[in-house]
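Below, chain A is the first sequence line, B the second, and so on; all start at residue 1. Computed from heavy atoms alone, side chains included, the values below leave out hydrogens, waters and symmetry copies. Note that the coordinates shown come from a computational prediction; the quantities given were computed from them, not determined experimentally.
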2 protein chains.
Amino acid sequence: MSGVRPTILDLAALCGVSPATVSNALADKPNVKAETRDLVRRKAREIGYHASSAARGLRLGRSWSIGLVVGDIANPFVPDVVRGVEDVVWRERKNLILCNTDFQAEKKTAYVRSLLDKQIDGMIVLSQILDAQDMERVAAAGIPLVTVNRRAPDFSTDYVGIDNQSGVRMAVDYLVSLGHRRIAFVKGLFRSSSADDRFAAYQAAVQAHGLDGDPSLAVQGDYSMESGDSAARSLMALSQRPTAILAANDLMALGALGALHDLGIRVPADVSVVGFDNIQLAEHPLLNLTTINHPKRETGDAAARLLLQRIAGDRNEPPRSVVLKPSLIVRGTTAPPPSTPKPRRRRPVTVRGTGDGG
Amino acid sequence: MSGVRPTILDLAALCGVSPATVSNALADKPNVKAETRDLVRRKAREIGYHASSAARGLRLGRSWSIGLVVGDIANPFVPDVVRGVEDVVWRERKNLILCNTDFQAEKKTAYVRSLLDKQIDGMIVLSQILDAQDMERVAAAGIPLVTVNRRAPDFSTDYVGIDNQSGVRMAVDYLVSLGHRRIAFVKGLFRSSSADDRFAAYQAAVQAHGLDGDPSLAVQGDYSMESGDSAARSLMALSQRPTAILAANDLMALGALGALHDLGIRVPADVSVVGFDNIQLAEHPLLNLTTINHPKRETGDAAARLLLQRIAGDRNEPPRSVVLKPSLIVRGTTAPPPSTPKPRRRRPVTVRGTGDGG
DNA sequence: TTGTAAGCGTTATCAT
DNA sequence: ATGATAACGCTTACAA
């Protein structure tokens, strides 16, 4: 009702001590008599005293909150990472300021400035790159920064990512082991480092295996389901179709799955599909997508740990990187290509579809 | 590099005016000469001056951030609502503090206190109820609060929700129109007001239509996919099976879909399935779930608007409610029950599955 | 139109 | 072991 909260002076008066002593008592400083400490604590609880964050923030120059910059929280990949971050951050009772940039440079910049004004303790940037000016501002403010999934081009920061190359390599190796030779690739967002990494890895793997290097097998996507849909359609319109489609993320793979279904093309009997990320719904029995697992929660966890260490410790130590390992999750969207002799070694595969299977 | 940001005194000195004038200039107060204003602004931009949030927060008793309390950000329903909130809140350049409670009462309480310490401008609580003590604290601090999807039991706050009853009613009506008489219901989380509403609506609709009221047709779930899976399995184990399953949310409906697929039961030929919420992936061609649309983004939007109005305006006005309208989205998981004469009126239905359809 | 000064609620320094 | 005091950076009366 009242809207007035007790200040440290109220509490001090109530306890008959000075505000300094209250502060010390509450902070568990050694120089305060046990009885006094207990008295202060008891009274504090009684009147529901809590220090004002603004006041201590002003005094101490910190805010006990960390900024989390994401492109689109509604992308199913993102919330899992956020959970990992939140979990760690909450243990130190820091708050998370969620900044959804919608991939707009302007909004990103504005958010960064807002975070700096708030004197955040640190910042995590997920699947995005800050432009040079923003980076400079963050550095000038001395705010620890961890980038996730995209490396900063020139400035070096703490970084958490996944070994995209080995992930893609595992997928291609597996498809090859099933007998595929014409493997298409749906690229991720234009000019994203993770997308570039994955595409480069695909090209390297194609070369290493001596596969069909037909450039029309690589089509541009943008990590969205729609782009996976149209990618699959254009691939299936090719005079010489691929027997397998590897997408740079699950959303596009699922889009491809939908398109193939619409086109009446059977998966995996006619075409195999592999995704990347292993989002939650990929394991639904009706989707049952073979994919590369991206340890999402661990990613968030690692990013938060790196950040907290940097906040607590020496800011001048060289930047650290955590590169997590992907793993292949074989489900039901992969099988040997049609009319192929038994492949060399075929892993057990869950049959999908209602009586389609191979 | 430096880590020292310019203060208002620096800027004042630089401009050869007093800090008060700088403050007024930057705040566009009328009592400042145009030239002075422009000078101050230019210099401010030059040296990159931004007021410290902590300082003005302390002075003004506000923080330009709003707390968003969710149970689990990884639940696909949640991020869409968050997007709606973020969009509106960002327009006023307020920040969002994301609090993920994991549905733990303790964590919820701790987060609320932390938010109050931060002097947040307002608070949105999504699909959860604060306990009486927390509510009291929020009220005592005079912090505007909007609850979403769950009404506060005793305290009355601003509220945004959906008309659960009419949503469920639409689903049941539709199933009945297809010819179903034995319609099962998978209940949502125990002791959640939205789950209760939906279940009550189901019961009412069953009664209104004079359907089979067999109590074993109502099984308890918890809004998770797993619970939908086991619910469907237990329903299919019934000696007299339902011909349709209505789940209190999409996740459970998808779980049911998976279970039915595993059991070799065809959807919708043998059993129809209807969800609630219309999460993004429900429209995937391979899932193609008939469901009730919950306007998620609009929900977040409305909640944020309500909150901002309350922050800006009179706090003593009576609480307002926004109740959004659900709508039926007919997709491929619904059809007339097996061996039924043509239903009275059958809406066009996308056939799903690979040649299952009816 | 501008400047002076008080005060927001803490914590740290320095006395006592 | 405790207390007085200054300072953090800002905004707003009020004075000039």
Just compare dG3(C), dA12(C), dA1(D) and give me whichever is closest to any side-chain atom of L60(A). dA12(C)
Is it the case that over 12 heavy atoms from other parts of the model lie below 6.0 angstrom from the CZ atom of F103(A)? yes
Closest to the side chain of S18(B), out of dC10(D), dG9(C), dG3(C), is dG3(C)
Choose from dA7(D), dG9(D), dA4(D) the nucleotide whose nearest atom is closest to any side-chain atom of R59(A). dA7(D)
Which of these nucleotides, dA12(C), dG3(C), dT10(C), is closest to any side-chain atom of Y49(A)? dT10(C)
Of the options dG3(D), dT2(D), dT10(C), whose atoms approach the side-chain atoms of L9(A) most closely? dT10(C)
Could you check whether any side-chain N or O of R137(A) sits under 3.5 Å from a backbone N or O of V112(A), counting only pairs where one atom can act as donor and the other as acceptor? no
Starting at CG of D38(B) and ending at C1' of dT1(C), how long is that distance when rounded to a whole Å? 15 Å
For the pair made of CZ in R5(B) and C1' in dC10(D), what is the distance, rounded to whole Å? 11 Å
5' priority, DNA chain C, between G16(B) and A55(B) [closest heavy atom]: G16(B)
Selected nucleotide, minimal atom distance to I8(B) side chain, candidates dT4(C), dG9(C), dC10(D): dC10(D)
Examine dT12(D): is either OP1 or OP2 under 4.0 Å from a nitrogen or oxygen in the side chain of K29(B)? Give yes or no. yes
Judged by each residue's nearest nucleotide on DNA chain D, which is more toward the 5′ side, A51(B) or N31(B)? A51(B)
For the pair made of CG in D10(A) and C1' in dG9(C), what is the distance, rounded to whole Å? 10 Å
Under 4.0 Å between a side-chain N or O of S23(A) and OP1 or OP2 of dT11(C)? yes
May I have the distance from R37(B) (atom CZ) to dT1(C) (atom C1'), rounded to whole angstrom? 13 Å
Checking contacts here: which listed nucleotide (dT2(D), dT11(C), dG9(D)) is nearest the side-chain heavy atoms of T36(A)? dT2(D)
Heavy-atom nearest nucleotide on DNA chain C for K33(B) versus P19(A): which residue maps closer to 5'? K33(B)
Between the side chain of N75(B) and the main-chain N/O of F77(B), is any donor-acceptor distance below 3.5 Å? yes
Donor-acceptor pair, side chain of D301(A) and main chain of V85(A), under 3.5 angstrom: no
L11(B) CG to dG9(D) P, in whole Å, measures 14 Å
